Each structure stands twice: as C-alpha cells, then as structure tokens.
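Heads up: the structure comes next, in structure tokens.
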Amino acid sequence: MTSSHPWCKVAYWEGRDRVGRQYPVCTPSLNIMGDIPHGEGLSLASLAAHTHTSPSDQVKRTREKIGLGMMLYQEEECVWVYNRADVPLFITSPTLDGGLHLRSHYKVHKLPPGHVLPIFDYNKARLYQKMPLHPNLLHEGPIDHNAVCVSFAKGWGPNYHRQDITECPCWLEILLVPAR
C-alpha cells in the first residue's frame with residue numbers, strides 16, 4: 001500500500017557532509033543499498049552521484065561493504081530494520097533507550113547481518129514526548145525525538161574510537177513523521 005504522504009525521510013551522510021537530497025518514503029518498506037542497486041530501493045551511490053565532491057577512500061571502502069544494505073519498514077506502531085548487509089549496522093533511537101532525552105546518552109545498538117530490530121516505537125515516542133526535559137539536559141542542543149541514526153559497518157560512542165556518528169564514513173538519518 002502506498003500513501004501520498006511520507007512516513008519518513010531518509011538523509012544520507014558521509015562523515016559530517018550530507019550527500020544528496022532527503023529521500024521521502026511513502027511505501028511501507030524501503031531497501032537501502034550500497035554501490036550497486038539490487039532490485040527496488042535507494043542506492044547510496046546514486047544519491048552520491050549528484051554531489052560535486054568525490055568520496056574519500058574510507059567512504060568508498062565502506063560503501064562497497066554495504067552490498068544489499070538494509071530494509072526499513074513500518075508496521076503498525078513500529079519501524080523495523082532488517083540488516084541485509086554482510087556487515088553490522090549500528091543504531092541509535094530515542095525509543096530503544098527508555099526515554100532518555102539526551103542524545104549523547106543514547107546507547108549504540110549493534111545489529112548483526114541477517115537480524116531484525118524494531119528501531120522506533122510510536123507509542124513509546126508519544127509517551128516520552130509528555131515527559132519533562134531535565135534542566136541538566138538542556139545543554140545538549142536541539143534533539144529530534146523522531147530521528148533514528150544508522151551507521152553501516154562502523155560503530156561510535158564510548159566503546160569505539162569514533163565518539164560521534166559524524167565520524168562514521170557512511171550513515172543514515174531516518175527522520176520519522178512525528179508521533180502524534
């Protein structure tokens with residue numbers, strides 16, 4: 001079933017640089033692939049082809065590893081990711097971590113190849129939006145409580161040498177239509 005209104009938009013990043021346009025998703029699922037399109041879906045290489053800069057060697061190597069990539073799909077009150085790649089995905093989401101309102105404290109979840117994870121729960125999001133923001137958390141800057149970040153092959157955070165997702169060579173920002 002296809003809607004004329006997107007339920008999310010996908011933004012592709014290489015490090016700190018956004019690549020291409022935001023891709024609106026109106027169908028219940030979307031395949032996101034690396035360099036070579038494998039059926040219907042979004043090829044990161046095709047998005048990158050419309051930029052004026054050439055990717056770094058690290059970005060090229062990572063994109064080659066993405067292969068079949070991932071399937072993003074919305075089902076009832078959840079958004080799911082199925083890892084179709086041969087490398088792990090690393091994911092942060094405001095609804096995976098019990099309603100923390102501090103982006104830097106979101107846990108990075110590793111999703112091995114062939115596994116599925118519910119990355120966003122609309123019911124939890126509605127509940128968390130009603131929770132007051134603790135004053136100590138105001139210094140964190142603007143936080144989109146309807147955004148999920150996914151990195152291909154490279155993790156980040158306190159357990160990795162990359163401290164921030166913007167240090168990862170290839171990653172996605174999934175901007176969900178707000179839970180109301």
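These numbers come from a predicted model, not from an experiment.
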Could you check M33 against L44 for side chain to side chain contact (heavy atoms under 4.5 Å, CB included), going step by step and ending with a plain yes or no?
CA-CA 6 Å; M33 300 151 276; L44 300 181; over 6 Å; no

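- No continuous path of ILVMFWY side-chain contacts below 4.5 Å connects W13 to V81, so the two sit in separate hydrophobic clusters.
- Using a 4.5 Å cut-off between side-chain heavy atoms of Ile, Leu, Val, Met, Phe, Trp and Tyr, with links allowed through other members, M71 and V116 fall into the same hydrophobic cluster.
- To the nearest 0.5 Å, atom CD of residue E173 and atom CD1 of residue I165 are 8.5 Å apart.
- Note that CD1 of I32 is 4.5 Å distant from CG of L30, once rounded to the nearest 0.5 Å.
- Under the 4.5 Å side-chain contact rule for hydrophobic residues, L89 and Y23 share a cluster.
- Using a distance-only test at 3.5 Å, with no hydrogens or angles considered, no donor-acceptor pair links the side chain of Q22 to the main chain of V10.
- The shortest side-chain heavy-atom distance between L72 and V79 falls under the 4.5 Å cut-off.
- Atom CG of L117 is separated from atom CE of M70 by 10.5 Å, given to the nearest 0.5 angstrom.
- The two atoms that bring A147 and L175 nearest to each other are CB-CD2, 4.0 Å, heavy atoms only.
- Few gaps surround CG on D164; more than 12 heavy atoms of other groups in view lie less than 6.0 Å from it.
- Interatomic distance, CD1 of I91 versus CG of N83, reported as 7.5 Å (0.5 Å rounding).
- In this structure a side-chain-to-backbone donor-acceptor pair under 3.5 Å is present from T95 to D121.
- With salt bridges taken as basic N to acidic carboxylate O contacts below 4.0 Å, none links E14 and K60.
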As a quick check of understanding, evaluate side chain to side chain contact (heavy atoms under 4.5 Å, CB included) for C170 and V59, giving each step before the final call.
CA-CA 6 Å; C170 300; V59 166; 3.9 Å; yes

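- Closest of all the heavy-atom pairs between G157 and Q163 is O-NE2, 3.2 Å.
- For the pair Q58 (side chain) and P55 (backbone), a donor-acceptor distance under 3.5 Å is absent.
- Note that the CD1 atom of I119 and the CG atom of L176 stand 7.0 Å from one another [nearest 0.5 Å].
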Carefully, step by step, assess V25 and W7 under the rule side chain to side chain contact (heavy atoms under 4.5 Å, CB included).
CA-CA 6 Å; V25 181; W7 57 270; 3.5 Å; yes

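- Checking W156 against E167 by side-chain atom types alone, no donor-acceptor pair falls below 3.5 Å.
- Atoms CZ and CH2, on R162 and W171 in that order, are 13.5 Å from each other to the nearest 0.5 Å.
- Two rings, from F90 and F152, have their centers 6.0 Å or more apart.
- For the pair C8 and I174, the tightest heavy-atom approach, listed with the atom from each and the gap, is SG-CG2, 4.1 Å.
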Starting from the C-alpha separation in whole Å, work towards a yes-or-no answer on side chain to side chain contact (heavy atoms under 4.5 Å, CB included) for K9 and R21.
CA-CA 10 Å; K9 292 182 180 178; R21 62 181 174 82; over 6 Å; no

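- In this structure, F120 is not a member of the same hydrophobic cluster as Y82, with clusters built from ILVMFWY side-chain heavy atoms closer than 4.5 Å.
- Heavy-atom minimum distance, P112 versus K110: CD-O, 3.5 Å.
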